[in-house]
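Here's the structure, in structure tokens; my notes come after.
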Amino acid sequence: MGILKRLWPTLSRDIVLNTVLSSVLIPTVFRWKFYSLLGMRIEKSRICPNVWMGDRNVQIGSGTFINYRCVFNTAGGVTIGRDCDIAMDVSFITSTHELGGPSRRAGTPKTAPINIGSGVWIGARAVILPGVTVGDGVVIAAGSVVTRDCEPHTLYAGVPAKAINYPMPGANQSVQQTS
């Protein structure tokens, strides 16, 4: 009974974050508010069901859309700007391991934050790895694995993701700031 009592705060937080709030019972247009009440810095956004949040180390700007089944591994923190579109099954991975010895290759754990600019579009099943900064107005193609920083207003695609088109049309226009 003592172990259950000590684990209860963690278990209850995980149940609320990743079972109750990610269920279809909470409307997509209101889900951001419930996450905010739990201490996340999420402005008015649309977050679909079945999104997994590692913990409260998430910041999402207003007007952003998070589609179904996205994963936020938030050990290092994830920041997403305003007016972004995140397609289904996108993974934000902020933790990894150093390379270990031959008996166990996953060595010492390490974390690094992910920062996504405003006006970004990330395609389905893309993976954003630890320490990456994605500039404003970037498009990341579906299935890409982003291992390095992305320059603003550029299309990235591939594994690992590389710049395909620089600059993209409209790069001279700044991302609109809404209040």
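As a basis for the values below, the full set of heavy atoms in this structure was taken, side chains included, without hydrogen atoms, waters or symmetry mates.
Contacts classified as salt bridge (charged side-chain N to carboxylate O under 4.0 Å, His left out) and involving residues 113-135 (residues at least two apart or in different chains) are given here: D89-R125. Listed by first then second residue, pairs satisfying side chain to side chain donor-acceptor pair (under 3.5 Å) with a partner in residues 36-48 read R41-Q59, not counting sequence neighbours. Sorted by first and then second residue, the ring-ring contact (aromatic ring centres under 6.0 Å, His included) pairs involving residues 53-91 (not counting sequence neighbours) are F72-F92. Identified under the salt bridge (charged side-chain N to carboxylate O under 4.0 Å, His left out) test for residues 139-148, with sequence neighbours left out: none.
Applying the under-4.5 Å side-chain rule to Ile, Leu, Val, Met, Phe, Trp and Tyr, the cluster around V127 extends to I93, L129, V145, V159.
Hydrophobic clustering (side-chain heavy atoms under 4.5 Å, transitive across Ile, Leu, Val, Met, Phe, Trp, Tyr) groups V29 together with M40. Using a 4.5 Å cut-off between side-chain heavy atoms of Ile, Leu, Val, Met, Phe, Trp and Tyr, with links allowed through other members, I80 and F34 fall into the same hydrophobic cluster. Both I26 and V58 belong to a common hydrophobic cluster when Ile, Leu, Val, Met, Phe, Trp and Tyr are linked at side-chain heavy-atom distances under 4.5 angstrom.
For the pair V138 and Y156, the minimum side-chain heavy-atom distance is below 4.5 Å. The closest side-chain heavy-atom distance from C48 to I66 is not below 4.5 Å.
Although no hydrogens or angles enter the test, the distance criterion places no donor-acceptor pair under 3.5 Å between the side chain of T154 and the main chain of A163. Of the possible polar contacts, none joining the D149 side chain to the V132 backbone as a donor-acceptor pair under 3.5 Å is found. The backbone N or O of G117 sits nowhere less than 3.5 Å from a side-chain atom of D136 that would complete a donor-acceptor pair. For the pair R82 (side chain) and G63 (backbone), a donor-acceptor distance under 3.5 Å is absent.
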Applying side chain to side chain contact (heavy atoms under 4.5 Å, CB included), run through Y35 and I47 and close with a yes or a no.
CA-CA 10 Å; Y35 282 122; I47 302 173; 3.9 Å; yes

Would you sort out whether E98 and K110 count as a side chain to side chain contact (heavy atoms under 4.5 Å, CB included), showing the intermediate values?
CA-CA 7 Å; E98 293 179 4; K110 62 181 185 176; 3.9 Å; yes

Before giving the answer on side chain to side chain contact (heavy atoms under 4.5 Å, CB included), spell out for I122 and D85 the whole-Å C-alpha distance, their side-chain angles and the decisive distance to 0.1 Å.
CA-CA 6 Å; I122 301 176; D85 290 289; over 6 Å; no

Working note: D83 + S118, criterion side chain to side chain contact (heavy atoms under 4.5 Å, CB included); need CA distance, chi angles, decisive distance, verdict.
CA-CA 6 Å; D83 302 317; S118 293; 5.9 Å; no

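Shown here are the salt bridge (charged side-chain N to carboxylate O under 4.0 Å, His left out) partners of R31, two or more places apart in sequence or in another chain: there are none. By the side chain to side chain contact (heavy atoms under 4.5 Å, CB included) test, R104 is found to be paired with no residue, residues two or more places apart in sequence or in another chain being considered. In terms of the side chain to side chain contact (heavy atoms under 4.5 Å, CB included) criterion, K162 has no residue partners (sequence neighbours excluded). Shown here are the side-chain hydrogen bond (donor to acceptor under 3.5 Å, both in side chains) partners of T94, two or more places apart in sequence or in another chain: N73. Listed by chain and number, the residues in a side chain to side chain contact (heavy atoms under 4.5 Å, CB included) with A87 are A124 (sequence neighbours excluded). The side chain to side chain contact (heavy atoms under 4.5 Å, CB included) search around A112 returns P130, not counting sequence neighbours. Here T74 pairs with D55 under the side-chain hydrogen bond (donor to acceptor under 3.5 Å, both in side chains) rule; sequence neighbours left out.
Once rounded to the nearest 0.5 Å, the distance linking OG of S91 with CZ of R69 reads 11.0 Å. The distance from the SG atom of C84 to the CH2 atom of W121 is 13.0 Å, given to the nearest 0.5 Å. Annotation: the span from I86 atom CD1 to I128 atom CD1 amounts to 8.0 Å, rounded to 0.5 Å.
In plain terms, the two heavy atoms of G137 and V120 that are nearest each other are N-CG2, 4.0 Å. Nearest heavy atoms, A75 versus N57: O-ND2, 3.9 Å.
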